[in-house]
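The structure appears below as structure tokens.
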Protein chains: 2
Amino acid sequence: MAADRRPTLTDVAREVGVSAKTVSRVLNEDGPASAQTRDQVLAAVAKLGFQPNLMARNIRVGGPDTTIGLVIPDLANPFFGAVARAIEDTVRERGLTLLMGSSADDPDRERALTDKFLARRVSILMVVPAVGADHSHLKSHRTAGLPVIFLDRPGVGLSTDSIVSSNRAGTHDGVAHLIGHGHRRIGFVGDLPVKLYTRRERLAGYRAALQEADIPYNRSLVASAHDQQGAKAATSKLLDLADPPTALFAGNNIMALGTVAELARIKRKDVAVVAFDDVSLAEALEPALTVVAQDPEEIGRSAATTALTRLDGDRSRARTITVPTRLVVRGSGEQPAPKP
Amino acid sequence: MAADRRPTLTDVAREVGVSAKTVSRVLNEDGPASAQTRDQVLAAVAKLGFQPNLMARNIRVGGPDTTIGLVIPDLANPFFGAVARAIEDTVRERGLTLLMGSSADDPDRERALTDKFLARRVSILMVVPAVGADHSHLKSHRTAGLPVIFLDRPGVGLSTDSIVSSNRAGTHDGVAHLIGHGHRRIGFVGDLPVKLYTRRERLAGYRAALQEADIPYNRSLVASAHDQQGAKAATSKLLDLADPPTALFAGNNIMALGTVAELARIKRKDVAVVAFDDVSLAEALEPALTVVAQDPEEIGRSAATTALTRLDGDRSRARTITVPTRLVVRGSGEQPAPKP
DNA sequence: ATGAAAGCGCTAACAT
DNA sequence: ATGTTAGCGCTTTCAT
């Protein structure tokens with residue numbers, strides 16, 4: 001009944017009547033071993049249900065653990081889920097496993113997670129930096145050879161590889177699409193906080209597109225929210241303006257959900273919409289939702305391959321990889337602007 | 001330029017001029033320590049940027065690692081993402097971190113992941129069992145006190161705690177909803193493989209609802225698919241039947257996406273639809289999508305609290321917790337059946 | 001209040 | 001082809 005101690009290498013060795021090192025050799029296909037010893041060892045391993053203690057091994061070998069620490073804002077956000085899957089797919093053949101945590105965009109939680117990951121001696125650290133987080137504490141680790149990669153946003157206080165979407169250009173193209181259909185009052189439903197990198201970049205792209213068309217930037221057409229509910233309210237607020245927007249640009253996938261839901265609720269199909277980041281069912285909406293699609297698979301893949309290259313000794317200077325977005329025209333951005 | 005070795009406890013001890021044990025005492029608030037020693041140690045820790053090697057600590061202490069191994073079919077599936085987040089939220093205050101991997105519903109990949117997790121001496125193991133996977137190899141670990149929890153589906157070859165949705169009752173209610181609006185030819189778009197637990201349970205619920213209404217089960221009204229593209233094709237196939245269904249039940253979130261997308265593509269609003277598992281934008285569709293909503297947060301929370309109870313020594317017999325689903329009526333199930 | 005020695009499970013380095 | 005010794009970084013145990 002007592003919870004038996006898990007068998008160790010030594011237990012297996014004793015069972016067979018060889019030394020621990022011999023068992024180790026067989027299991028790691030290190031050095032030579034007679035066929036008979038091999039078989040006996042393998043049999044004993046199976047019999048005892050022995051599983052090598054990876055922590056002990058790592059301690060001895062001194063190298064990093066075969067894990068990759070990944071900090072994202074929210075495990076349940078499909079965008080980051082897709083990124084995570086792409087990372088996993090890319091590193092799996094190298095035997096790396098994901099150690100994951102959500103920061104909820106809280107710098108303290110992010111720090112707690114990275115500290116834990118570092119204490120576990122992860123091979124690679126990947127972080128979607130929270131707003132307000134500082135990363136200078138990672139400098140020494142990076143210098144010591146730990147690949148550190150920032151995802152989706154650049155980090156602060158540390159120069160290292162970053163993978164980001166073409167936020168500014170993508171948003172520009174989305175907004176230009178709306179302008180091309182005659183819209184001049186275009187609302188921007190952005191996420192919060194306003195200091196968030198992606199928010200700032202996308203807003204900059206929005207402004208650039210306006211400027212290009214000689215449309216003055218109008219602050220009252222910019223609304224913000226933390227979540228989907230907030231995005232509904234923000235949308236509602238914009239449409240209640242005395243001189244309301246005829247088109248809306250949603251700043252990310254969550255804002256898109258809220259904006260679209262609110263328009264559906266109030267049955268306003270005349271409002272043109274383009275969203276940043278694709279969402280499922282976009283094509284089933286009426287009109288189907290036009291989006292600036294990100295490429296989470298490519299973001300994850302780039303991050304992983306970059307990190308693996310670093311792990312293999314690449315010490316060249318920090319790169320910033322910008323993964324292109326793609327305007328996917330589905331209809332929602334083509335409502336004509338009403339004649340003035 | 002050389003990658004400096006990470007500082008160890010001994011490095012800190014040497015820096016201060018005390019023994020390693022003293023540093024350990026200060027850091028773990030074990031035994032006593034003079035205020036002065038404390039301060040010196042802490043200062044040295046900060047100066048050297050020392051971070052205790054958790055693996056070394058765990059080796060010595062012998063206990064499990066403060067991680068929880070979680071195997072899900074797909075990191076990018078929002079349902080499992082929501083489950084994972086709920087687990088994380090529940091275990092965070094206990095200091096547990098998630099070690100995650102996707103099995104892609106492949107028994108070999110599942111096994112590879114669980115083996116890795118076991119080799120890392122996780123505190124808790126949670127698995128969404130892949131079809132065809134056997135879990136008897138986990139028996140000894142469970143006996144030895146490792147909490148093992150099956151999520152979403154029961155496991156095979158091991159009696160342990162499982163958390164599942166009320167698949168059968170939920171589907172029954174969804175199909176009954178369709179029947180209540182006059183439908184008698186109701187298609188079922190299910191996922192694959194057909195042996196999948198959730199698929200079987202949901203199909204059973206579908207059949208039960210039919211039987212209750214004295215509608216004969218018609219095999220040709222059941223179509224299946226692996227993914228969203230396949231679900232589109234399956235939907236198309238059903239509607240192309242000589243005597244096509246007037247209503248459809250989609251067996252999971254992915255099937256729902258495909259079914260809804262296909263109906264939108266061919267502009268068939270007359271077909272009633274109910275889906276198992278909620279999807280984002282369901283309310284923005286026309287008609288809004290009626291679903292049998294699962295409760296991923298509750299599934300994750302139940303799993304986590306059950307596991308923690310086990311970790312605290314609860315050795316009572318294995319429980320199966322069924323998390324209720326909820327019929328969320330939004331309109332898509334209320335198209336009247338055409339008069340014969 | 002602090003230290004010395006031993007040992008967790010494993011493997012590197014040198015035997016034999 | 002196999003064994004021995006030492007030691008990874010830490011904590012336990014027992015001294016002092």
Side-chain angles (χ1 to χ4, degrees), chain A residues 3-42 44-45 48-66 116 118-123 141 144, chain B residues 3-42 44-45 48-66 115-116 118-122 141 144:
Chain A
D4 272 342
R5 191 176 51 83
R6 302 262 264 272
T8 74
L9 243 198
T10 318
D11 293 330
V12 177
R14 189 172 22 239
E15 176 84 11
V16 181
V18 297
S19 78
K21 178 63 207 181
T22 300
V23 177
S24 168
R25 267 196 275 258
V26 170
L27 263 33
N28 296 303
E29 302 188 330
D30 200 21
S34 78
Q36 185 190 338
T37 323
R38 265 191 90 68
D39 295 347
Q40 287 179 304
V41 167
L42 262 21
V45 164
L48 299 181
F50 168 76
Q51 257 169 329
N53 186 323
L54 258 181
M55 294 189 290
R57 172 172 220 286
N58 281 325
I59 277 293
R60 177 65 254 227
V61 174
D65 191 14
T66 56
K116 269 197 179 162
L118 292 170
R120 285 221 157 58
R121 304 299 191 254
V122 293
S123 293
H141 294 93
Chain B
D4 273 342
R5 192 177 48 85
R6 302 264 262 272
T8 77
L9 244 197
T10 317
D11 293 331
V12 177
R14 188 172 22 239
E15 176 84 12
V16 182
V18 296
S19 78
K21 177 62 211 180
T22 299
V23 177
S24 168
R25 265 196 276 258
V26 171
L27 261 35
N28 297 305
E29 302 188 331
D30 198 23
S34 77
Q36 186 191 336
T37 320
R38 265 191 91 66
D39 296 346
Q40 287 180 305
V41 167
L42 263 20
V45 164
L48 300 181
F50 168 76
Q51 257 170 327
N53 185 324
L54 224 48
M55 294 189 291
R57 171 171 221 286
N58 281 326
I59 276 293
R60 178 66 252 229
V61 174
D65 190 14
T66 56
D115 279 351
K116 268 197 181 165
L118 292 171
R120 285 224 156 58
R121 304 299 191 255
V122 292
H141 294 94

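Convention: sequence-line order gives letters A, B, ...; per-chain numbering from 1. This one's a predicted model, so the numbers in the text were calculated from it and none came from an experiment. Below, all heavy atoms of this structure are taken into account, side chains as well, without hydrogens, waters or symmetry copies.
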How long is the line joining CG of A:Asp65 and P of D:dG9, in whole Å? 15 Å

Spacing between A:Asn53 atom CG and C:dG7 atom P, to the nearest angstrom: 19 Å

Would you indicate which nucleotide in C:dG7, C:dT2, C:dG9 comes nearest to any side-chain atom of A:Arg60? C:dG9

Among residues 18-30 of chain B, which ones have heavy-atom contacts with DNA chain C below 4.0 Å? B:Val18, B:Ser19, B:Lys21, B:Thr22, B:Arg25

Do B:Arg120 and A:Thr66 get their side chains close enough for a donor-acceptor pair, meaning under 3.5 Å? yes

Atom CG of B:Asp11 and atom C1' of D:dC8: how far apart are they, to the nearest Å? 13 Å

Do the non-hydrogen side-chain atoms of B:Arg121 and A:Gln51 ever get within less than 4.5 Å of each other? yes

Could you tell me whether A:Arg57 and A:Asp65 make a salt bridge, using a distance below 4.0 angstrom between a side-chain N and a carboxylate O? no

What distance separates B:Arg25 CZ from B:Ser19 OG, expressed to the nearest 0.5 Å? 6.5 Å

C:dC8 C1' sits how many Å from A:Arg6 CZ, rounded? 15 Å

Measuring from atom CG of A:Leu9 to atom CZ of A:Phe50, what distance do you get when rounded to the nearest 0.5 angstrom? 4.0 Å

Nearest to side-chain heavy atoms of B:Ser34, which nucleotide of D:dT2, C:dA1, D:dG9: C:dA1

In whole angstroms, the gap separating P of C:dT2 from CZ of B:Arg38 amounts to 11 Å

Spacing between A:Asn58 atom CG and C:dC10 atom P, to the nearest angstrom: 12 Å

SB check B:Arg6 B:Asp11 (cutoff 4.0 Å): no

Whole angstroms only, please: what is the CD1-P distance between B:Ile59 and D:dT12? 14 Å

Please give me the minimum heavy-atom distance between B:Val12 and B:Ala44, naming the atom from each residue. CG1-CB, 3.9 Å

Side chain of B:Thr8: nearest nucleotide among D:dT2, C:dA1, D:dG9? D:dG9

In the structure I gave you, are the side-chain heavy atoms of B:Thr8 and B:Asn53 within less than 4.5 Å of one another anywhere? no

Indicate yes or no: at least one non-hydrogen side-chain atom of B:Ser24 is less than 4.5 angstrom from one of B:Leu27. no

Rounded to the nearest Å, what distance is computed from the CD atom of residue A:Gln36 to the C1' atom of nucleotide D:dT2? 13 Å

For the helix from C:dA1-D:dT16 to C:dT16-D:dA1, what angle separates the axis at the start from the axis at the finish, each from five pairs, in steps of 10°? 40°

